[in-house]
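What follows is one structure encoded as structure tokens, with my remarks underneath.
Every chain is numbered from 1 and lettered A, B, ... according to where its sequence line falls, protein lines coming before strand lines.
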Amino acid sequence: MKYWLMKTEGSEYSLEDLKRDKRTAWEGVRNFQARNFMQEMREGDLILFYHSSSEVNGVYGIAKVAAIAHSDKTQFDPQSDYFEKRATKEKPVWYCVDIEFAKKFAKPVTLAELKSDPNLEGMRVRERGSRLSVQPVSESHFKRVVALGR
DNA sequence: GCCAACGTTGGC
DNA sequence: GCCAACGTTGGC
């Protein structure tokens with residue numbers, strides 16, 4: 001089993017939204033590295049759910065991979081912001097996984113906390129200028145963040 | 001294949 | 001709202 005971190009703008013789609021929807025297709029990722037990481041995900045993998053560009057940036061809780069990567073349908077929709085003219089049904093360019101709500105932390109583990117915890121050294125999201133919206137997380141880092149969220 | 005220009009992300 | 005850092009595009 002692997003562990004991941006996924007970013008979202010809290011005002012766009014928050015953990016509360018996921019809790020309400022229970023499950024959603026993580027559409028709209030338009031970055032190759034992020035796409036490749038999603039293709040590595042397996043059902044049951046756990047995800048730290050991170051809000052960026054929010055009042056309080058940080059990990060708000062946990063989501064779980066509910067379905068492995070499949071074609072992102074928004075790439076075929078000319079009305080969509082995520083339309084991709086290079087994509088065909090036979091050869092899609094973009095993929096997404098389905099994720100489901102797992103847990104909301106008692107309080108978010110803020111970016112400041114992530115940065116100041118010596119146990120979390122090496123976590124990608126801590127790095128200045130880190131823009132990758134889907135990233136792998138080590139098991140020990142994952143467990144540490146969950147402990148901080150309790 | 002290089003790299004400048006551009007658009008976007010994301011912390012502050 | 002600002003701006004630094006980043007990823008992608010496209011001309012050469």
Side-chain angles (χ1 to χ4, degrees), chain A residues 2-21 24-41 45-65 68-99 101-138 140-150:
Chain A
K2 288 190 175 163
Y3 301 91
W4 309 91
L5 179 145
M6 277 180 166
K7 290 185 197 171
T8 175
E9 289 194 26
S11 58
E12 288 298 311
Y13 193 86
S14 68
L15 184 62
E16 274 302 314
D17 293 326
L18 181 61
K19 189 176 180 184
R20 181 198 62 220
D21 296 344
T24 194
W26 205 246
E27 293 168 338
V29 172
R30 293 295 179 269
N31 169 285
F32 290 104
Q33 256 187 299
R35 180 200 68 183
N36 295 344
F37 282 134
M38 281 201 289
Q39 290 178 312
E40 286 179 32
M41 291 183 183
D45 282 2
L46 295 176
I47 302 158
L48 297 175
F49 199 90
Y50 180 92
H51 287 197
S52 64
S53 300
S54 304
E55 236 169 270
V56 178
N57 296 326
V59 178
Y60 278 65
I62 302 170
K64 180 157 46 163
V65 177
I68 61 167
H70 53 86
S71 175
D72 178 339
K73 67 180 188 311
T74 62
Q75 69 193 306
F76 304 120
D77 176 5
Q79 308 311 332
S80 168
D81 285 348
Y82 302 118
F83 180 64
E84 170 60 66
K85 61 177 190 293
R86 296 171 292 186
T88 63
K89 299 270 180 185
E90 294 70 34
K91 279 204 134 189
V93 178
W94 301 111
Y95 289 82
C96 59
V97 293
D98 289 357
I99 66 170
F101 176 82
K103 178 180 179 168
K104 186 181 177 185
F105 289 159
K107 68 175 190 58
V109 180
T110 66
L111 180 59
E113 290 176 78
L114 295 175
K115 281 183 171 174
S116 63
D117 191 316
N119 298 299
L120 295 177
E121 201 145 328
M123 245 189 126
R124 243 172 137 154
V125 74
R126 298 188 357 161
E127 285 162 31
R128 171 182 168 81
S130 163
R131 289 173 51 176
L132 190 57
S133 65
V134 177
Q135 47 185 266
V137 170
S138 73
S140 66
H141 287 167
F142 181 89
K143 289 185 169 163
R144 177 64 184 158
V145 173
V146 172
L148 291 172
R150 255 201 290 272

Closest non-hydrogen atoms of A:V145 and A:V109, given as atom of the first, atom of the second and distance, are O-CG2, 3.7 Å
A:K115 NZ to B:dC12 P, in whole Å, measures 4 Å
Discussion item. Less than 4.0 angstrom between a side-chain N/O of A:K7 and OP1 or OP2 of B:dG11, yes or no?
Written reply: no
So that I can tick it off, tell me whether A:D72 and A:R30 are bridged by a salt bridge, with the cut-off set at under 4.0 angstrom between side-chain N and carboxylate O.
yes
Whole-Å distance, A:D81 CG to B:dT9 C1', equals 15 Å
Residue-phosphate contact under 4.0 Å: A:S52 side-chain N/O, B:dG10 OP1/OP2 = yes
For this session: Compare side-chain N and O positions of A:R30 against OP1 and OP2 of B:dT9 and report whether any pair is under 4.0 Å apart.
Result: no
**Asked** So, is A:N31 near the phosphate of C:dG7, with a side-chain N or O under 4.0 Å from OP1 or OP2?
**Response** no
Rounded to whole Å, CD of A:Q33 lies from P of B:dT8 at a distance of 19 Å
Which of A:H70, A:Q33, A:M6 passes side-chain contact (heavy atoms from CB on, under 4.5 Å) with A:M38? It is A:M6
Verify the contact: side-chain N or O of A:R128 to OP1 or OP2 of C:dA5, cut-off strictly under 4.0 Å; return yes or no. yes
A:R86 atom CZ is separated from C:dT9 atom P, nearest whole Å, by 5 Å
| request: Name the nucleic acid region contacted by A:S130, choosing base, sugar-phosphate or nothing; use a 4.0 angstrom heavy-atom cut-off, strictly under. | output: sugar-phosphate
Check: What does A:R35 touch in the nucleic acid at a heavy-atom separation under 4.0 angstrom: a base, only the sugar-phosphate, or nothing?
Finding: nothing
*Using the ring of each side chain (for Trp, its six-membered ring), is A:Y13 parallel, tilted or perpendicular to A:W26, with breaks at 30° and 60°?*
perpendicular
Here the distance between atom P of B:dG10 and atom CG of A:L5, to the nearest Å, is 11 Å
- prompt: So does A:Y50 get a side-chain nitrogen or oxygen closer than 4.0 Å to the phosphate oxygens (OP1/OP2) of B:dG11?
  reply: yes
From CD of A:E127 across to P of B:dC12 the rounded distance in Å is 14 Å
Practice item. Assert yes or no for the condition that the ring centre distance of A:F49 to A:W4 is strictly below 6.0 Å. Key: no
Rounded to whole Å, the CG-P distance (A:L132 to B:dT9) equals 13 Å
